[in-house]
Each structure stands twice: as structure tokens, then as C-alpha cells.
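Some notes on the structure that comes next.
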Number of protein chains: 2
Amino acid sequence: MNTGPQAVFRALADPTRRQILMHLAHENLAISDIAARFDITRTAINKHLAILEEGGLIKSEVSGRERRNRLTPEPMKSAFEWLGHFERYWDVKLTDLQREVEKEMAGKKETEK
Amino acid sequence: MNTGPQAVFRALADPTRRQILMHLAHENLAISDIAARFDITRTAINKHLAILEEGGLIKSEVSGRERRNRLTPEPMKSAFEWLGHFERYWDVKLTDLQREVEKEMAGKKETEK
DNA sequence: TCCTTATGACACCATTTGGTGTCATTTATA
DNA sequence: TATAAATGACACCAAATGGTGTCATAAGGA
């Protein structure tokens, strides 16, 4: 397992995997349960689960003949925080404010001449 | 261009692309400028830029013989918000608090018997 | 015990991904 | 005006990705 940002972003890059995470947010599910919710084979689901587990986003434990999967979303935090560093850039209100400030500064410069 | 969550997560999945975004957060750069900061060819950088632009994370405009790239991070917001839905799950403090509350409740039950 | 269910383990495949190198075109510049 | 610099446009490649199908094994249930 490797909960670094790379393994997490990689795990999040596939839409099927993100959907699996959403299902697991509601309830723990066995592999067949998950496969029943998608149009792809159980084998394909298994590979997705392996990548999610590699990213540390889920944990699984066997119980009888089932393997129950549970969400362990802590590693998402690193991706969330990485994105958070850009928050000030995408915040439109702040950008508008900056523009206003810059315009104001420019105006002052002009009047100071 | 397609600023949906899929295009954004896909663009963020590669470590080189994430580094390019960080560089562009500091300053707008031409393709050669970016290529000079990595050990891969300009052609490879070009492909990464195309994927970033496809996700709407950057915009570029030609200026003479240069193509200047600028960060347009608004689409990151959708990925950030998607992750935000899981925040309550990974928040350790909240989890600890819940554990405390549960322990307290269990204790009360005991004493109430 | 027999049959069914849930996985594990492979082998195989087409497409995508992340790189490379080369050549042509356009734009500054000495 | 030559020359150098910055891109664009291709062709080509190996490895990773996202699927498939098949067969074996283990665990429950009638």
C-alpha cells in the first residue's frame, strides 16, 4: 500500500473507481455486490479494488467465503490538501477583489504622477 | 475543452502535470521554459499541456513566436468539492470525537442499568 | 453429500499513455 | 539577410490500463 498523493490521484483518475468509493461510503460491500452494480466483469472490479487498496482508500477483510470492502478515506486528505493550495486562485470573488485592488493601485499611480 | 470532473481528475493523475501546474501557479511560462525545468523532451511537455488544457486547467495564447501558458484553476474546484464530500469520513478529530461520544454513551448505559 | 456462491489466479487483448526523434514553419535578432 | 530560437506536426514505441474469458478452490446451504 502507498498512500502518497500519486497513488491517491491515480486511484481517483478512473470514473468507475470513484463510483465504487461512493458506494462504499454508504455501506461495506463484498466484491460480487460491487460487480452487480456495474456492467463490467467481476475480474475488472477486482483490479479496480486492487488499485484503490494500493492507494490506501479501501481495506478488505475476509469473512467466510466473502471479502468485505470498507472505505478508508484518510489518504484522500493529501489530494484534498494539494488541491487546497490552489483554492485562492480559483476563488472568483477573490480574483475580482484582486482586480479591483490592482485597478485602484494603477489609478493611484496615475494620480501621483 | 471539457472541465468535467473526469477530465480534471485525469489531468491531475500524472505527477509531471501536477508539477507543471505548480510552476504555472508562480508565473506564466512558454513551452520551452517548462521543458527546461524537466528532464523530458519538449514534445512530451506539449502532450501534457494538451491534457491540462483539455481539462480546462490552463489556457495558452501565442505572443510572437512564443505560446504563453497561464493557470486557469477554476475546474479544480469540481475535484476539490468531490473530495470534500468525503471530508467527514477522514477527519480524524471528528472520528476521535465520535469514539469519545460513543464511549460516553456506552458508559451511561452501564451506569443506567 | 451435492450444488451453488464467492473468490483467486491466469492468460490474453485492444487502446491509451508517456516518451522519443525528425523535419518544417514562423519569428526574432546579430 | 543569415542564423538561432520556439513551435507545430508527425511517425513510432514500450509499458500501463481497463477489459475479457476460463479454470480451480473454498465455504455455505438444501
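Chain A is the first sequence line, chain B the second, and so forth, proteins listed ahead of strands; every chain is numbered from 1.
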Q. Are the ring centres of A/H48 and A/F38 closer than 6.0 Å?
A. no
(Q) Of the listed nucleotides (C/dA9, C/dG19, D/dG8), which one gets closest to any side-chain atom of A/R42? (A) C/dA9
(Q) Exactly one of A/L52, A/L49, A/D33 should register a side chain to side chain contact (heavy atoms under 4.5 Å, CB included) with A/N69. Which one does? (A) A/L49
(Q) What is the distance, to the nearest angstrom, from the CD1 atom on B/I34 to the P atom on D/dG8? (A) 11 Å
Q) Rounded to the nearest Å, what distance is computed from the CG atom of residue A/L12 to the P atom of nucleotide D/dT17? A) 14 Å
Q | Of the listed nucleotides C/dA6, D/dG21, D/dA5, the one nearest the side chain of B/R65 | A | D/dA5
**Q.** Separation of atom CZ in B/R17 from atom P in C/dG18, rounded to whole Å
**A.** 5 Å
Q: Taking the side chain as every heavy atom from C-beta outward, state whether A/L12 and B/L83 have any pair of such atoms under 4.5 Å apart.
A: yes
Q: Round to the nearest Å and state the distance from B/I51 atom CD1 to C/dG19 atom P.
A: 10 Å
Q) If you check every side-chain atom of A/K47, which of D/dG21, D/dG18, C/dG19 has the closest atom? A) D/dG18
Q.
What's the closest nucleotide to the side chain of B/R67 if the choices are D/dG8, D/dT7, C/dT20?
A. D/dG8
**Q.** Closest-nucleotide 5' rank along DNA chain C - winner of B/T41 and A/E66
**A.** A/E66
Q: May I ask you to say what A/T43 touches in the nucleic acid, namely base, sugar-phosphate or nothing, with a heavy-atom cut-off under 4.0 Å?
A: base
Q | Toward the 5' end of DNA chain D, by each residue's nearest nucleotide, A/A44 or A/R10 | A | A/R10
Q) Are the side chains of A/Y89 and B/M76 in touch, meaning some heavy atoms are under 4.5 Å apart? A) no
Q.
Base, sugar-phosphate or nothing for A/R68? Non-hydrogen atoms, less than 4.0 Å.
A. nothing
**Q.** Nearest-nucleotide 5' precedence on DNA chain D, A/S63 against A/H48
**A.** A/H48
(Q) Whole angstroms only, please: what is the CG-P distance between B/D33 and D/dT7? (A) 7 Å
**Q.** Nearest-Å distance for atom pair CG/P, residues A/L49 and C/dA6
**A.** 15 Å
Q. With sugar-phosphate meaning primed atoms plus P, OP1 and OP2, does A/S32 contact a base, only sugar-phosphate, or nothing at under 4.0 Å between heavy atoms?
A. sugar-phosphate
Q: Measure the distance from CG on B/N46 to C1' on C/dA24 and round it to the nearest whole Å.
A: 15 Å
**Q.** d(CD1, B/I45; P, C/dT17) in whole Å
**A.** 17 Å
Q) Do the charged groups of A/E27 and A/R37 touch, with an N to O distance under 4.0 Å? A) yes
